[in-house]
Amino acid sequence: MSGIIRDEAINSHFLSKPKIVLHFFNGKEDRRIPFILQNVTYIDGKCYFSGKYKYRFDLLFWKTRKEHLPFEMYLNFSFADYYEEKLDIDLTPEEFLTDDKYYGYIFEGNHFKFLPDKKKILRHPVTRFVKSFIDFWIRLAQYLCAILMLPIFLADGLFRLTGLKGFPGRFTDTNKLKKLLAFIFWKFSKVSTFNVKLWTVKRYIFKKCYNFYKHYKVKDNKITFISLRREDITGNFAFVYDKLKDDPKLDINFILNSHTIGKMSFKEIKTFTKACATSKVVILDEFTPQIHYIDLKPETKLIQLWHACGAFKTFGFTRLSKPKGSPQKTRNHRSYDYVTVSSTYCKKCHSEGFGIPTDNVVATGIPRTDVFFDENYKQEARDKFYAEHPEFRGKKIILFAPTFRGTVKETAFYPTEMFDIERVCAEIPEDYSIIVKHHPFVREVQFIPEELSNRVIDLSEESELNDLLFVSDVIITDYSSLVFEAALLDIPMIFYAFDLEKYIRERDFYFDFKLYVPGKIVYSQDQLIETINKQDYCTERIKPFADMFFDERDGHATERVVGLIYDCLNNKA
């Protein structure tokens, strides 16, 4: 796709790294997908852009995906503080290719209208049967062939165990038997096209188990909280549960463990699927992959109390074309009926990231931030901290809380050599102490010398980061969503972004990092130490940032979330 923008107001912002979003609407759902820009050129008051990416029309919508409704496509534009919906833009194509067997299109002004041919998409019943019949026999032949080749796979694996020939890089298990079996299953799957890993077997059982419990009646008063993030009732769950627990009419249940399908026992599968099939409301606080393998009944409402405030680092479908970005075909996140966020500004970001309609995103505020407006709670947290760490009393406390590098939990790390604790302590005033708080995914943290134990403490294993904010005078972070909570408390911040350009290439942000972060950006330890010594924190940037990402700062976010839950229970939402 290519286009020309003539609007001077827009072109004045089209300086570098603009963002264009394809905005689809079928009358019932809307969907936002980032457009992957490849070229942007500004000439004589006009901006020319082009890009190329393959999008699946049949995967745009989720709740109405089986209706094959006509839909329109607009372009939305944003750069820095500028944003415009349904851009007035010349989209007249020189060449536009589409599969006219299934989709026609009409160009109307600044948008396209796509017209799916429902009959051809669904195909004739006889055609579908013949195709399925042929596919079955092809797969069966491949499966039988793979069985006959098992001795060859075994011999190949045993030969590789001798070390004369190495295993592919994906096989890293130190247990030779497990490595051999994994290799044989892998070879079998490549020939048979059947993925015969343990987790696929459990996924099959998981789906069948849910289909069995789907015949059970949904209980109108049943709420189930599910978290893979925590094993106790903390965070958003704790605040919401505290408001619900005294209602005798409610049947409240919890499933709290870190087990994904591959590690779930059969008892856990039974408990999980039965709860999902019989609950009127299911509440999550994190990406929960197994919930997206099943289609919840229409009367069951799925609410995602997303754990992070604001919209900072890109996630989900926004990361199309980025490393580990969600491919368009995945159904992850798209089952949510509601997602709660901290502000109206965040709605379009979460709509895009989760691949859900904008109306499914509700700006209630984040329950766990209510304590920031509770002076008694804040004082209790301070008293508890100083009782446990009396050596910090009377000191200026720096909270060092960076996020992790890497793409997933298993590969997460932080380059600890980039924050030399001994040097920092030696070059800042002695009345400063440091709390180290790494992301839970990071396993290797800084070594703290014994002689610094009265000035530096590692609290990375502490479950609740919020409480540490109440004793912090300065925060050193990088790309952590902690920035939002700190902005609520008006805490000075330093953004130690030594790998910013690399991070932007691989992950990116929903807004321009250099223009919007509410504090001083530094790129080296020298600059970091100088900023602390000069107390040059750019604190004037905090209030505008907080205004953007929090609609209400009143300590009543939990009440608004609970109101949404009751609306779902009473069929009002």
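Owing to the predicted nature of the structure, the values given are computational and were not obtained by experimental measurement.
Within the model, atoms CG of D508 and OH of Y510 stand 9.5 Å from one another, a figure rounded to the nearest 0.5 Å. Rounding to the nearest 0.5 Å places CD1 of I294 at 10.0 Å from NZ of K207. From K202, atom NZ reaches atom OG of S265 across 7.0 Å, with rounding to the nearest 0.5 Å. Atoms CH2 and OG, from W306 and S481 in turn, are 10.0 Å apart once rounded to the nearest 0.5 Å. Taken from CZ in R507 to CZ in R405, the straight-line distance is 11.0 Å, to the nearest 0.5 Å. The CZ atom of F225 sits 9.5 Å away from atom CG of L256, with the distance rounded to the nearest 0.5 Å.
The side chain to side chain donor-acceptor pair (under 3.5 Å) search around Y338 returns none, not counting sequence neighbours. With sequence neighbours excluded, the residues satisfying side chain to side chain contact (heavy atoms under 4.5 Å, CB included) with D251 are K219, N221, K222, N253. Residues passing the side chain to side chain donor-acceptor pair (under 3.5 Å) test with E559 are H556, sequence neighbours excluded. Among residues two or more places apart in sequence or in another chain, the side chain to side chain donor-acceptor pair (under 3.5 Å) test is passed with T273 by none. With sequence neighbours excluded, the residues that form a side chain to side chain donor-acceptor pair (under 3.5 Å) with K28 are E67.
The pair D58-R56 meets the salt-bridge criterion, with a side-chain N (NZ, NE, NH1 or NH2) lying under 4.0 Å from an Asp/Glu carboxylate O. Salt-bridge formation is not detected for the pair D295/R334: no Lys NZ or Arg NE/NH1/NH2 atom is positioned less than 4.0 Å from an Asp or Glu carboxylate oxygen. Taking a cutoff of 4.0 Å between a charged side-chain nitrogen and a carboxylate oxygen, R139 and D135 do not qualify as a salt bridge. For K63 and D337, the salt-bridge test passes: some basic side-chain N is under 4.0 Å from an acidic carboxylate O.
Panel note: side chain D285, backbone S227; no donor-acceptor pair is recorded below 3.5 Å. For D30 (side chain) and F24 (main-chain N/O), no donor-acceptor pair under 3.5 Å exists by modelled atom type. In this structure, S342 contributes its side chain and C309 its backbone to no donor-acceptor pair below 3.5 Å. Not a single donor-acceptor pair under 3.5 Å links the side chain of K19 to the backbone N or O of F77. Of the possible donor and acceptor atoms, one in the side chain of R368 sits under 3.5 Å from a partner among the backbone N and O of H307. In this structure, the side chain of S343 engages the main chain of M548 through a donor-acceptor pair within 3.5 Å. A donor-acceptor pair under 3.5 Å is absent between the side-chain atoms of R31 and the main chain of F61, judged by distance alone. In this structure, the side chain of R541 engages the main chain of V517 through a donor-acceptor pair within 3.5 Å. Checking side-chain atoms of T271 against main-chain N and O of K267 turns up a donor-acceptor pair under 3.5 Å. Here the side chain of N26 pairs no donor or acceptor atom with the backbone of P70 at under 3.5 angstrom.
Under the 6.0 Å cut-off for aromatic ring centres, F315 and F354 qualify, their centroids lying closer than that. Ring centers of Y53 and Y55: under 6.0 Å apart, within the cut-off. Taking the six-membered ring for Trp, Y336 and H333 have ring centres closer than 6.0 Å. Checked against the 6.0 Å centroid criterion, the rings of F136 and F133 do not qualify as a close aromatic pair. Checked against the 6.0 Å centroid criterion, the rings of F509 and Y503 qualify as a close aromatic pair. Centroid-to-centroid, the aromatic rings of Y479 and F495 stay 6.0 Å apart or farther.
Ring orientation note: the planes of F114 and Y105 are tilted relative to one another, at an angle of 30° to 60°. Note on ring orientation: taking the six-membered ring where Trp is involved, the planes of F549 and F511 are tilted (angle from 30° to 60°).
Under the 6.0 Å distance and 45° angle rule, K120 does not count as a cation-pi partner of Y102. A cation-pi geometry, defined here as NZ or CZ lying under 6.0 Å from the six-membered ring centre and within 45° of its normal, holds between K348 and Y345. Both tests do not hold together for R331 against Y293: distance to the six-membered ring centre under 6.0 Å, angle to the ring axis within 45°.
A donor atom on one side chain and an acceptor atom on the other are not found under 3.5 Å apart for S50 and Q38.
Each of T340, T364, V362 was checked for a side-chain contact (heavy atoms from CB on, under 4.5 Å) with R560, and the lone residue meeting it is T364. For the side-chain contact (heavy atoms from CB on, under 4.5 Å) with T288, the qualifying choice from L228, L302, N332 is L228, the only one to do so.
Scanning all heavy atoms of the two residues, the minimum distance from P289 to T260 falls at CG-CG2, 4.0 Å.
Within a 6.0 Å radius of NZ in K313, more than 12 heavy atoms belonging to other residues, nucleotides or ligands are found.
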Show which side-chain atoms of residues 565-573 pair as donor or acceptor with protein atoms under 3.5 Å away, not counting sequence neighbours.
unit_1: Y566; atom_1: OH; unit_2: D247; atom_2: OD2; d: 2.6
unit_1: N570; atom_1: ND2; unit_2: Y566; atom_2: O; d: 3.0
unit_1: N571; atom_1: OD1; unit_2: K280; atom_2: NZ; d: 3.0

- Message: F25 vs Y74, test: ring pair (Phe, Tyr, Trp, His ring centres under 6.0 Å). Steps then yes/no.
- Response: CA-CA 9 Å; F25 182 62; Y74 299 86; 8.5 Å; no

